[in-house]
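What follows is a single structure, written as structure tokens, with notes after it.
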Amino acid sequence: MTTTARKYVGTPLDRVEGMEKVTGRARYAYEHSPDELTYAVPVQASIARGEVRAIDVRAALTIPGVIAIIWHRNAPRVAPADNAELSVLQSARVAYRGQYVAVAVAETLQAAGEAARSLAVDYASEPHDTELRADHPGLYRPEKVNAGYPTDSEHGDPDAAMEAAPIRVDAIYSTPAEHNNPMEPHATVARWDADGLTLYDSTQGASAVRATLAALFAMPPANVRVIAPHVGGGFGSKGLPLAPVVLAALAAKHVNRPVKLAVPRQQMFAVTGYRTPTIQRVRLGADADGRLTAIVHEAIEQCSTIREFVEQTTVPTRIMYAAPNRRTTHRVVKLDVPTPSWMRAPGEAPGMFALESAMDELAIACGIDPVELRVRNEPDADPESGEPFSSRNLVACLREGARRFGWADRDPTPGARLVGQTLIGTGVAASTYPAYRSPSQASARLEPDGRYTVRIAATDIGTGARTVLTQIAADALRTSPDRVTVEIGDSAMPPASIAGGSMGTASWGTAVVRACEALREQVSGSGGGLEATADTKEEIGAQERFSRHAFGAQFAEVGVDVDTGETRVLRLLGVFAAGRIVNPKTARSQFIGGMTMGLSTALFEESLMDREFGDYLNRDLAQYHVAACADVRDIEAVWVEEDDPHLNPMGTKGIGEIGIVGTAAAIANAVHHATGIRIRDLPIRLDKLLR
Ligand code: MOS
């Protein structure tokens, strides 16, 4: 595949909607207020397992302005869905604490809130089990894991190779449940009319919401319109329609008026997905010179009783390092917990914490520099499939990072650098993320005034998608970005894949390029239509077989206070090889945003299960700590540009998630270098460092 000519791709164009956003003119889902609007406030289950026997609605209905109390006895019916999370208010069963059991609809938000609080819900409560344990009898082998990967993989004889290896690492790593907390919580305004259902929704994919809601309400997709021009973050929690958007649509149908429903921060912890906790065992066997002979990575996770969702925790291990004997597995147990879902780099983020911590332990066991150890185990081809890598520049990232970070003079001795009251250490870890691409459609039109309009139902969740598509379209049309308007965020536009899997630019960009090329051909040809469309289904289906992944290297310097155990990340450097970078300004933000989330994972983020009530205790950002500005000191992301002809017309790999991958391991490895203490269970809280 030849990549397109580029003039504006590669330049730091300002966000095209930046002015709209900073002046408040950009409207988000909750800011839409159709006539006759009503407000919905959901009621969440206060038991972890059982049934709703009855709800006494009498008091609620006497509150002025209250229109309806909807629960499973009177809710409109929806069609059964593969994802039972979508079967909102369809039965008496309660599968987890915090699940929606009713919704109050009123003329004002205040009245709806008062009504919701006044409901007396009578439960038949049953004993619950919400604790993930490595020896849980309910652990089973799922058919497949997230993104369709095989559950297990095995090559050679890893057990015998482990037995025979002169140097071995065998350790258990664990990561806690973590909750997505985008700046803009989930929100929907739902309106029914003669044409069907219109949703102003905070979503990562208008086309996906349209398809799902149309099926639930047994309508053709053309009768559902999903509008989402601006979205304030998602990280995966808005990747697929979940209970809140269904509840809004259902409530609007019941009261036959538009309904506005927000998920306040306090409710996000139950109904919008989260990252499963993991327990991972990693075994590495190596020769004395650090060459891996065996890699075994086994993960244990949880999901809810109503929907199987299994993160692909050990999948990145399948492509990382050369070793003739390998095994990766996933086991999951269904608990009475909220349903886990996507959170930035599901699989890669927790999985690479374990693998890259273990690689650091192996480097120490072998007495080899951790950068060199990784270079030594670089595979020639994908170790799993045998396919060639479309491009793989992990070594270049490691070398460039080492040079910029000043790695060469590093004394590997742990616990040896005390500056005042602070122990200083440095660590490194590798990073990776697959380069996916998904079919999408786009249209391009030449307007009477000579300008161009490009339309695609893509989503900009704050990444800069609209801006990079403008650059891509300008180059494909051989014009300048100021002559191109890219319209996105509306399911009435040509259908597009979601803003997820770090594949937005690759997927939508391909469709935009093809539509623009077709338009150019039409305009220059004699018959000359003024609008062209493209569908990339065939092109993507026919793409050559390659193993396509972005790689990176994360370097961290930490200071650990000897008295308090408090860890501060003093420096973070990420070097990435992610194909061609379309916009260095927005890309840098994506990379350092991911790295910041990785720092947050390393030191702060942790959702704590209350065993008695069977619920996550965290309810807000005072209890669920995320990295804030003062936690992030010196952070930088750079990249090694790749010229990879096997990706897409732009030559891009995707940059949304790789920044979070490996960061926590680099920090944990640095903490070990600083203190001599190996933290194998995230987050690295100060109590774990005080011995
Ligand atoms: Mo991302 S977790 O694929 O939205």
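None of these values were measured; they are calculated from a predicted model. In listed order, ligands and their atoms are each counted from 1.
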Give me the residue, atom name and distance of the protein heavy atom closest to [atom].
{"atom": "atom 1 (Mo) of ligand 1", "value": "Glu657 OE2, 3.1 Å"}
{"atom": "atom 4 (O) of ligand 1", "value": "Gln204 NE2, 2.9 Å"}
{"atom": "atom 3 (O) of ligand 1", "value": "Gly501 N, 2.5 Å"}

So that I can tick it off, tell me whether Glu184 and Lys238 are bridged by a salt bridge, with the cut-off set at under 4.0 angstrom between side-chain N and carboxylate O.
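Yes.
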
Numbered atoms of ligand 1 (with element) below 4.0 Å of [X], judged on heavy atoms:
{"X": "Gly500", "result": "3 (O), 4 (O)"}
{"X": "Trp342", "result": "2 (S)"}
{"X": "Arg344", "result": "2 (S)"}

Aromatic contact between [X] and [Y], with the criterion being ring centroids under 6.0 Å apart: yes or no?
{"X": "Tyr274", "Y": "Tyr616", "answer": "yes"}
{"X": "Phe269", "Y": "Tyr624", "answer": "yes"}
{"X": "Phe235", "Y": "Trp342", "answer": "no"}

Decide yes or no for Lys653 and Arg548: does some side-chain heavy atom of the first lie under 4.5 Å from some side-chain heavy atom of the second?
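Side-chain contact under 4.5 Å: no.
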
Taking distance alone, with N or O pairs closer than 3.5 Å, would you say Gly236 contacts ligand 1?
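N/O-N/O distance below 3.5 Å exists for this pair.
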
Flag, side chain of Thr467 to backbone of Val16, donor-acceptor distance under 3.5 Å
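Indeed, once roles are kept as given, a pair shorter than 3.5 Å links the two residues.
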
Do any heavy atoms of Pro346 fall under 4.0 Å from ligand 1?
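The answer is yes, since Pro346 has a heavy atom less than 4.0 Å from ligand 1.
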
